[in-house]
Novice: 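Quick one: this structure, given as structure tokens, is what I'll be asking you about.
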There are 2 protein chains.
Amino acid sequence: MNIESLQMFCLVVDEGSISQAARLSYVSQPAVTRQIHQLENFYGALLFDRTDGKLKVTEAGKMLYPFAKSIVHDFHRSKESIKQAMGEYHANLHVGASFTIGEYLLPSLLGRYKKQTPDIKVTLTIKNTPGVLEDLSNDVIDMALVEGLVENKEFMVEKFADDELIVVCSPEHVWGEQIFIEELINERIIWRESGSGTRLIVENSLREYGILEKMESYMELGSTQAIKSAVEAGLGISILPRLTVARELKLGLLREVDIEGVTIFRNLWLVKKQQRFNKIGVSQFLEFIQNGACHSSKLKTKK
Amino acid sequence: MNIESLQMFCLVVDEGSISQAARLSYVSQPAVTRQIHQLENFYGALLFDRTDGKLKVTEAGKMLYPFAKSIVHDFHRSKESIKQAMGEYHANLHVGASFTIGEYLLPSLLGRYKKQTPDIKVTLTIKNTPGVLEDLSNDVIDMALVEGLVENKEFMVEKFADDELIVVCSPEHVWGEQIFIEELINERIIWRESGSGTRLIVENSLREYGILEKMESYMELGSTQAIKSAVEAGLGISILPRLTVARELKLGLLREVDIEGVTIFRNLWLVKKQQRFNKIGVSQFLEFIQNGACHSSKLKTKK
DNA sequence: CACAGGCTATAAGTATTGGTTATAGCCTAT
DNA sequence: ATAGGCTATAACCAATACTTATAGCCTGTG
């Protein structure tokens with residue numbers, strides 16, 4: 001049996017059309033028809049239902065699909081692997097990340113990774129979390145770095161860092177270095193829009209201390225950058241991931257305020273597809289991350 | 001690329017010889033040579049080193065091997081899967097078990113499983129634990145049931161039952177239904193040979209209570225059956241898995257004695273290869289086991 | 001309702017592939 | 001030296017896989 005035929009089968013299933021698959025592969029349509037026939041003949045089962053001119057995948061076809069995908073996938077990996085061993089292949093690791101991680105954390109992280117393994121090319125795609133996970137599902141990217149916890153059997157999820165959510169205010173604010181949590185109640189707090197993952201975490205945490213209910217919503221802004229500008233301008237205070245304000249804290253544009261006895265953490269997750277053979281470079285990246293390449297403590301600007 | 005060629009490659013690697021692989025596959029030797037050449041040509045790398053008349057797998061060949069195995073494996077599974085969906089395939093689930101589990105626990109367990117899913121044929125192979133695990137590694141069996149905990153990255157291990165180790169004595173023994181653990185000290189205890197997994201567990205447990213050191217070894221026997229006969233004959237007492245003495249207890253040939261405040265458990269483990277696609281029947285068997293098909297409580301003969 | 005434009009299946013011709021047997025060349029062990 | 005194992009190559013044949021051309025079917029449109 002030809003692996004190419006299995007790959008063609010996958011393409012036909014994905015495209016829902018033999019002709020379209022033929023066009024995409026730059027072969028004639030009868031060639032594709034024949035490959036599918038060959039498969040059907042081999043497996044002794046119709047893979048597509050051609051009644052009423054439509055091409056519908058049969059039960060047998062649906063059954064075959066994951067196996068075919070897996071075989072084709074392993075086959076590609078085998079080529080990469082051997083090419084790499086021969087020194088003819090330079091892996092192109094495609095990483096996807098959510099906006100916050102991609103914009104604030106990854107530039108330096110990938111920089112350090114590339115310095116460590118210069119022969120691996122790294123491409124970064126930044127989207128919102130659902131978009132990143134869809135790319136991962138469609139094999140557009142090799143791994144994803146996101147904030148929210150992902151629940152999906154096809155994915156393998158692993159914490160790769162955590163990020164602290166801290167209170168920031170303008171440098172002119174009357175507060176000192178530390179406050180009691182109750183002092184938040186009468187402040188003008190600038191929130192992300194409801195539904196934002198960050199906001200949920202902060203709300204849950206404040207609810208635990210029983211002060212969320214006593215607070216009044218003052219202002220909601222749709223982007224972290226907008227919130228930072230508003231806080232800088234002294235319009236209010238906010239609770240933001242340390243990641244996103246590390247630069248402003250360093251430059252003295254914003255000031256960090258500890259809450260006595262309270263720290264709010266959120267985990268950052270590395271997500272990859274559950275599969276036997278990783279793309280060249282993925283394993284190294286995993287190791288790089290696990291060897292403590294990335295700790296929130298490193299981001300602190302405390303004295 | 002032909003999946004058959006990859007399979008042939010695996011066979012050549014396993015056998016270390018092109019001619020031997022040809023003989024086993026009932027094809028001519030040049031046909032095999034050609035398939036290997038085709039692979040080498042495709043991957044752009046020599047897979048075997050033919051200098052000095054020996055056939056030695058190259059680095060590239062070693063690299064390809066796991067991919068080829070995986071592809072061939074998935075391919076076979078795909079055939080089974082579709083045949084099964086077409087109703088033309090009756091899975092033959094091959095289970096391996098250690099002696100104790102295979103002889104005492106599995107007969108009834110497999111009986112109940114077959115009653116539940118009569119269209120799956122089950123074959124049982126009983127060996128010692130290392131032998132069973134070797135069979136699993138070589139794909140001779142589909143899953144293994146053993147007592148000792150297995151540590152191996154290629155395996156997936158899961159507790160499927162536990163077994164209690166209980167004190168047994170002859171029905172004529174002076175003891176009542178319950179004793180204090182100190183009463184063991186002056187008894188004539190019949191042990192399995194040192195190194196036996198069961199013995200280790202018992203020793204560890206008695207050591208916890210600080211009485212192992214106070215005991216004297218009286219007799220060591222190499223098989224559970226021998227120990228049971230010796231205890232029946234009143235030569236001494238022993239501590240044995242409840243599994244292995246359930247029948248004798250029921251028939252009154254042996255008597256169980258509780259130790260006040262002490263129970264010794266050991267886990268029984270289901271081991272299978274870590275792989276994406278399970279053989280038909282393996283998943284059902286896993287579910288069957290997990291749905292509490294097998295609890296030590298069921299084996300108890302307590303009033 | 002006719003017909004253009006999409007689809008898949010089939011037919012016929014050619015190129016490639018995968019098997020065979022026969023044989024050459026190499027190494028090892030007797 | 002030589003027999004007996006191995007792998008590689010050559011020559012041949014059958015099966016496979018591609019091509020183009022074409023038929024048949026369905027849908028949507030004027």
Side-chain angles (χ1 to χ4, degrees), chain A residues 1-62 64-65 68 71-72 75 78-79, chain B residues 1-62 64-65 68 71-72 75 78-79:
Chain A
M1 177 52 53
N2 249 327
I3 295 183
E4 284 77 14
S5 296
L6 288 168
Q7 182 162 24
M8 189 60 87
F9 165 73
C10 290
L11 188 60
V12 172
V13 172
D14 292 338
E15 297 297 324
S17 151
I18 288 183
S19 301
Q20 182 61 12
R23 276 189 295 272
L24 290 175
S25 321
Y26 303 103
V27 293
S28 68
Q29 167 262 316
V32 180
T33 295
R34 182 193 267 273
Q35 287 187 323
I36 301 298
H37 275 306
Q38 182 210 32
L39 280 169
E40 292 183 320
N41 199 46
F42 177 86
Y43 282 109
L46 284 177
L47 299 173
F48 296 98
D49 181 2
R50 285 98 161 164
T51 51
D52 28 288
K54 300 236 184 304
L55 205 68
K56 241 190 84 206
V57 190
T58 60
E59 277 309 306
K62 281 184 196 146
L64 177 58
Y65 187 77
I71 288 169
V72 168
F75 184 56
S78 77
K79 284 187 278 187
Chain B
M1 178 51 54
N2 248 327
I3 296 182
E4 283 77 14
S5 296
L6 288 168
Q7 182 162 23
M8 190 60 87
F9 165 73
C10 291
L11 188 59
V12 172
V13 172
D14 291 338
E15 296 298 323
S17 150
I18 288 182
S19 300
Q20 182 61 11
R23 277 189 294 271
L24 290 176
S25 322
Y26 303 102
V27 292
S28 67
Q29 167 262 315
V32 180
T33 294
R34 187 199 269 266
Q35 287 188 322
I36 301 298
H37 274 304
Q38 181 209 31
L39 279 168
E40 292 183 320
N41 199 45
F42 177 86
Y43 282 108
L46 285 176
L47 299 173
F48 295 98
D49 181 3
R50 285 98 161 164
T51 51
D52 27 287
K54 302 237 184 301
L55 204 68
K56 242 189 85 205
V57 190
T58 60
E59 276 310 305
K62 281 183 196 148
L64 176 57
Y65 187 77
I71 289 170
V72 169
F75 183 56
S78 77
K79 285 187 277 186

Novice: Roughly how many Å is it from CD in B:E4 to P in C:dT17, rounded to a whole number?
Specialist: 16 Å

Novice: Nearest 0.5 Å, please: how far is CZ in A:F9 from CD in A:Q38?
Specialist: 13.0 Å

Novice: So, does A:T33 get its side chain near the phosphate of C:dA9, meaning an N or O under 4.0 Å from OP1 or OP2?
Specialist: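 A:T33 to C:dA9 OP1/OP2: side-chain N or O found under 4.0 Å.
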
Novice: How many Å lie between CZ on B:F42 and P on C:dT17, as a whole number?
Specialist: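 Interatomic distance, CZ of B:F42 to P of C:dT17: 13 Å.
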
Novice: Provide, to the nearest angstrom, the distance between the CG atom belonging to B:N41 and the P atom belonging to C:dT16.
Specialist: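 So the CG-P distance, B:N41 to C:dT16, works out to 14 Å.
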
Novice: Let's go through A:V12 and A:L55 carefully: what are the C-alpha distance in whole Å and the side-chain angles of both, what is the deciding distance for side chain to side chain contact (heavy atoms under 4.5 Å, CB included) to 0.1 Å, and is it a yes or a no?
Specialist: CA-CA 9 Å; A:V12 172; A:L55 205 68; 3.8 Å; yes

Novice: Do A:L64 and A:Y43 come within less than 4.5 Å of each other through their side chains, counting heavy atoms only?
Specialist: yes

Novice: Give every pair of a protein N or O atom and an N or O atom of nucleotides 3-7 of chain C that lie under 3.5 Å apart, one pair per line with the distance.
Specialist:
from, atom 1, to, atom 2, distance (Å)
C:dC7, OP1, A:R23, NH2, 2.9
C:dC7, OP2, A:R23, NH1, 3.4

Novice: Would you mind building the protein contact string for nucleotides 14-24 of chain D? One character per nucleotide, 5' to 3', B for base within reach (heavy atoms under 4.0 Å), S for sugar-phosphate only, - for untouched.
Specialist: ---BBBBB---

Novice: Go through the steps to decide whether A:F75 and A:L6 satisfy the test side chain to side chain contact (heavy atoms under 4.5 Å, CB included), and finish with yes or no.
Specialist: CA-CA 11 Å; A:F75 184 56; A:L6 288 168; over 6 Å; no

Novice: Expressed as a whole number of angstroms, how long is the span from A:K56:NZ to D:dC26:P?
Specialist: 16 Å

Novice: Mind running side chain to side chain contact (heavy atoms under 4.5 Å, CB included) on A:Y65 and A:V57 for me, showing each step along the way?
Specialist: CA-CA 10 Å; A:Y65 187 77; A:V57 190; over 6 Å; no

Novice: Once you round it to whole Å, what is the distance between C1' of D:dT9 and NE2 of B:H37?
Specialist: 8 Å

Novice: Return the CG to CZ distance between A:L11 and A:R23, rounded to the nearest 0.5 Å.
Specialist: 11.0 Å

Novice: Side chain to side chain contact (heavy atoms under 4.5 Å, CB included) between B:Q35 and B:V27: does it pass, once the steps are laid out?
Specialist: CA-CA 11 Å; B:Q35 287 188 322; B:V27 292; over 6 Å; no

Novice: What distance separates B:S25 OG from B:E15 CD, expressed to the nearest 0.5 Å?
Specialist: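 Between B:S25 OG and B:E15 CD, I get 9.0 Å after rounding to 0.5 Å.
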
Novice: Could you state the atom-to-atom distance from CD of A:E40 to C1' of C:dT10 in whole Å?
Specialist: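 About 15 Å, once rounded to whole Å.
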
